[in-house]
There are 2 protein chains.
Amino acid sequence: MAKKLVQDGSCPVATTISLLNSQWKILIMRELLLHPSERYSELQHSVAGISQKMLTQSLHEMTADGIVQRQVFPEVPPHVEYRLTELGQSMDPILKAMHNWGNQYLASHPEKRKTDKQPETDFAQKRP
Amino acid sequence: MAKKLVQDGSCPVATTISLLNSQWKILIMRELLLHPSERYSELQHSVAGISQKMLTQSLHEMTADGIVQRQVFPEVPPHVEYRLTELGQSMDPILKAMHNWGNQYLASHPEKRKTDKQPETDFAQKRP
DNA sequence: CCGCATCCTTTGCGATACTG
DNA sequence: CAGTATCGCAAAGGATGCGG
């Protein structure tokens with residue numbers, strides 16, 4: 001379970017933050033919104049820079065919070081997939097808003113971008 | 001300036017997170033969206049639980065990032081007001097999305113709420 | 001393949017005291 | 001009023017090694 005905030009639990013914004021309390025969780029969500037189901041090792045590669053410790057920990061908390069659900073395939077070698085629950089998917093608008101803002105920001109602040117005109121994962125337009 | 005992420009700078013979501021990288025900044029933004037201009041001491045009281053260190057630090061970074069602007073009134077005793085820049089205000093949709101989601105979540109998970117039927121700051125409906 | 005346990009360094013952040 | 005400076009602990013998080 002995610003750590004509680006100092007803030008009043010009845011503030012909707014604070015409530016949201018308490019579940020999305022790390023950059024990694026947000027990036028994991030973004031990944032799972034783009035690819036509905038991914039296994040552990042896929043996530044570790046697609047969420048660039050994350051350590052197994054943080055990945056494991058984030059997935060645990062998100063699972064406990066009911067945002068992510070874990071599916072184990074009883075095979076050898078082991079196979080585990082993670083996907084967003086309905087609750088997790090309902091956070092889509094938040095990620096969309098972040099994506100849109102970031103895009104606008106990068107467009108008007110080209111110096112902040114590492115490399116120009118990249119293919120880009122085009123999050124917002126996905127899913128018809 | 002806010003600390004850079006490990007993540008690729010060309011991802012819009014990661015870019016957004018890099019500017020909103022702490023719960024306090026988000027809560028400060030929420031406050032400044034509700035009250036267009038507030039002074040240091042007002043913020044310290046309205047953002048419940050924040051220490052002066054975190055308030056000062058957050059305001060510094062947000063100012064460096066161009067999200068917040070600082071206005072000094074040359075008076076005695078000193079008087080300083082903070083307000084969102086246009087860039088900061090453009091983050092409104094993100095906060096709105098968080099607010100809406102949090103509201104829905106609290107509605108369907110009453111047990112997460114500290115106390116029921118509070119007056120509530122009614123963020124989303126504000127500003128006609 | 002999918003983790004968990006441990007160590008160990010780094011960072012976050014509150015508490016406290018002091019200034020223009 | 002609106003901060004700055006310093007200390008010190010506690011939490012975050014990377015690295016590494018082991019286990020089902």
Side-chain angles (χ1 to χ4, degrees), chain A residues 1-8 14 17-28 31-32 35 37-65 68-83, chain B residues 1-8 14 17-28 31-32 35 37-65 67-84:
Chain A
M1 192 66 170
K3 190 173 49 181
K4 236 203 77 45
L5 278 188
V6 184
Q7 195 76 6
D8 186 351
I17 302 174
S18 74
L19 299 182
L20 248 43
N21 58 3
S22 91
Q23 54 161 274
W24 297 122
K25 290 188 186 175
I26 300 178
L27 294 172
I28 289 170
E31 192 57 34
L32 289 178
H35 310 103
S37 175
E38 257 180 284
R39 37 200 306 189
Y40 185 90
S41 50
E42 289 176 319
L43 282 170
Q44 189 157 14
H45 286 101
S46 58
V47 180
I50 197 172
S51 64
Q52 32 64 324
K53 179 168 183 173
M54 292 319 293
L55 179 56
T56 299
Q57 181 179 312
S58 300
L59 287 173
H60 273 165
E61 292 182 4
M62 293 170 86
T63 303
D65 288 336
V68 155
Q69 99 197 51
R70 188 185 133 113
Q71 185 178 6
V72 181
F73 296 81
E75 307 171 358
V76 178
H79 181 167
V80 180
E81 293 200 359
Y82 293 91
R83 70 189 66 236
Chain B
M1 191 69 169
K3 190 173 48 179
K4 236 202 81 43
L5 279 188
V6 185
Q7 194 76 5
D8 186 351
I17 302 173
S18 74
L19 299 182
L20 248 42
N21 57 3
S22 92
Q23 57 163 268
W24 297 122
K25 290 188 186 175
I26 300 178
L27 295 172
I28 289 170
E31 192 56 35
L32 289 178
H35 309 103
S37 175
E38 254 178 286
R39 37 202 303 190
Y40 186 90
S41 51
E42 289 175 319
L43 282 170
Q44 190 157 12
H45 286 100
S46 57
V47 179
I50 197 170
S51 63
Q52 31 64 322
K53 177 166 186 175
M54 292 320 292
L55 179 56
T56 299
Q57 181 178 312
S58 300
L59 288 173
H60 273 163
E61 292 183 3
M62 294 169 87
T63 303
D65 288 336
I67 291 175
V68 155
Q69 105 197 47
R70 190 184 130 112
Q71 186 179 7
V72 181
F73 295 81
E75 307 171 359
V76 178
H79 180 167
V80 179
E81 293 200 357
Y82 292 90
R83 70 189 64 235
L84 293 175

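In what follows, chains are A, B, ... by sequence order, proteins preceding strands, each numbered from 1.
Nearest to the side chain of A:Arg70, among D:dA2, C:dC1, C:dC2, sits C:dC2.
At a threshold of 4.5 Å between non-hydrogen side-chain atoms, the residues B:Leu55 and B:Leu43 count as touching. Counting only heavy atoms from C-beta outward, the side chains of A:Tyr82 and A:Ile28 never approach each other to under 4.5 Å. Using a 4.5 Å heavy-atom threshold, the side chains of B:Glu38 and B:Leu32 count as touching. A heavy-atom distance below 4.5 Å is not found between the side chains of B:Leu27 and B:Ile50. In this structure the side chain of A:Met54 reaches within 4.5 angstrom of the side chain of A:Gln57, judged on heavy atoms. Within the 4.5 Å cutoff, no side-chain heavy atoms of B:Asn21 are placed close to those of A:Gln23.
Taking atom CD of A:Glu81 as the reference point, atom P of C:dC2 lies 9 Å away to the nearest angstrom. Atom P of nucleotide D:dA12 and atom CG of B:Asn21 are separated by 16 Å, given to the nearest angstrom. For the pair A:Phe73 CZ and C:dG3 P, the interatomic distance rounds to 13 Å; values are reported in whole Å. Here C:dG14 presents its C1' atom at 12 Å from CD of B:Gln57, a figure rounded to the nearest Å. Rounded to an integer number of Å, the gap from A:Met54 CE to C:dG3 C1' is 15 Å. In this structure, CH2 of B:Trp24 is placed 22 Å from P of C:dT11, rounded to the nearest angstrom. Atom-to-atom, CD of A:Glu38 to P of C:dC1 comes out at 15 Å; the value is rounded to the nearest Å. Between the CD atom of A:Gln71 and the P atom of C:dC1 there is a distance of 19 Å, rounded to whole Å.
Taking only side-chain nitrogens and oxygens, A:His60 comes nearer than 4.0 Å to OP1 or OP2 of C:dC4. Proximity of B:Arg39 to the phosphate of D:dC1: no side-chain N or O atom is located under 4.0 Å from OP1 or OP2. OP1 or OP2 of D:dA2 sits under 4.0 Å from a side-chain N or O of B:Ser41.
Between A:Val80 and A:Lys53, the one whose closest nucleotide on DNA chain C sits nearer the 5' end is A:Val80. Comparing A:Ser51 and A:Pro78 by the nucleotide of DNA chain D that holds the closest heavy atom to each, the one mapping nearer the 5' end is A:Ser51.
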Structure string for DNA chain D in dot-bracket form, Watson-Crick and G-U at under 3.5 Å, | interchain: ||||||||||||||||||.|
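Counting non-hydrogen atoms under 4.0 angstrom, B:Gln52 reaches a base of the nucleic acid. Residue B:Tyr82 is classed as a sugar-phosphate contact, given heavy-atom separations below 4.0 Å to backbone atoms only.
Between B:Ser58 and B:Trp24, the shortest heavy-atom contact is OG-CB, 3.9 Å.
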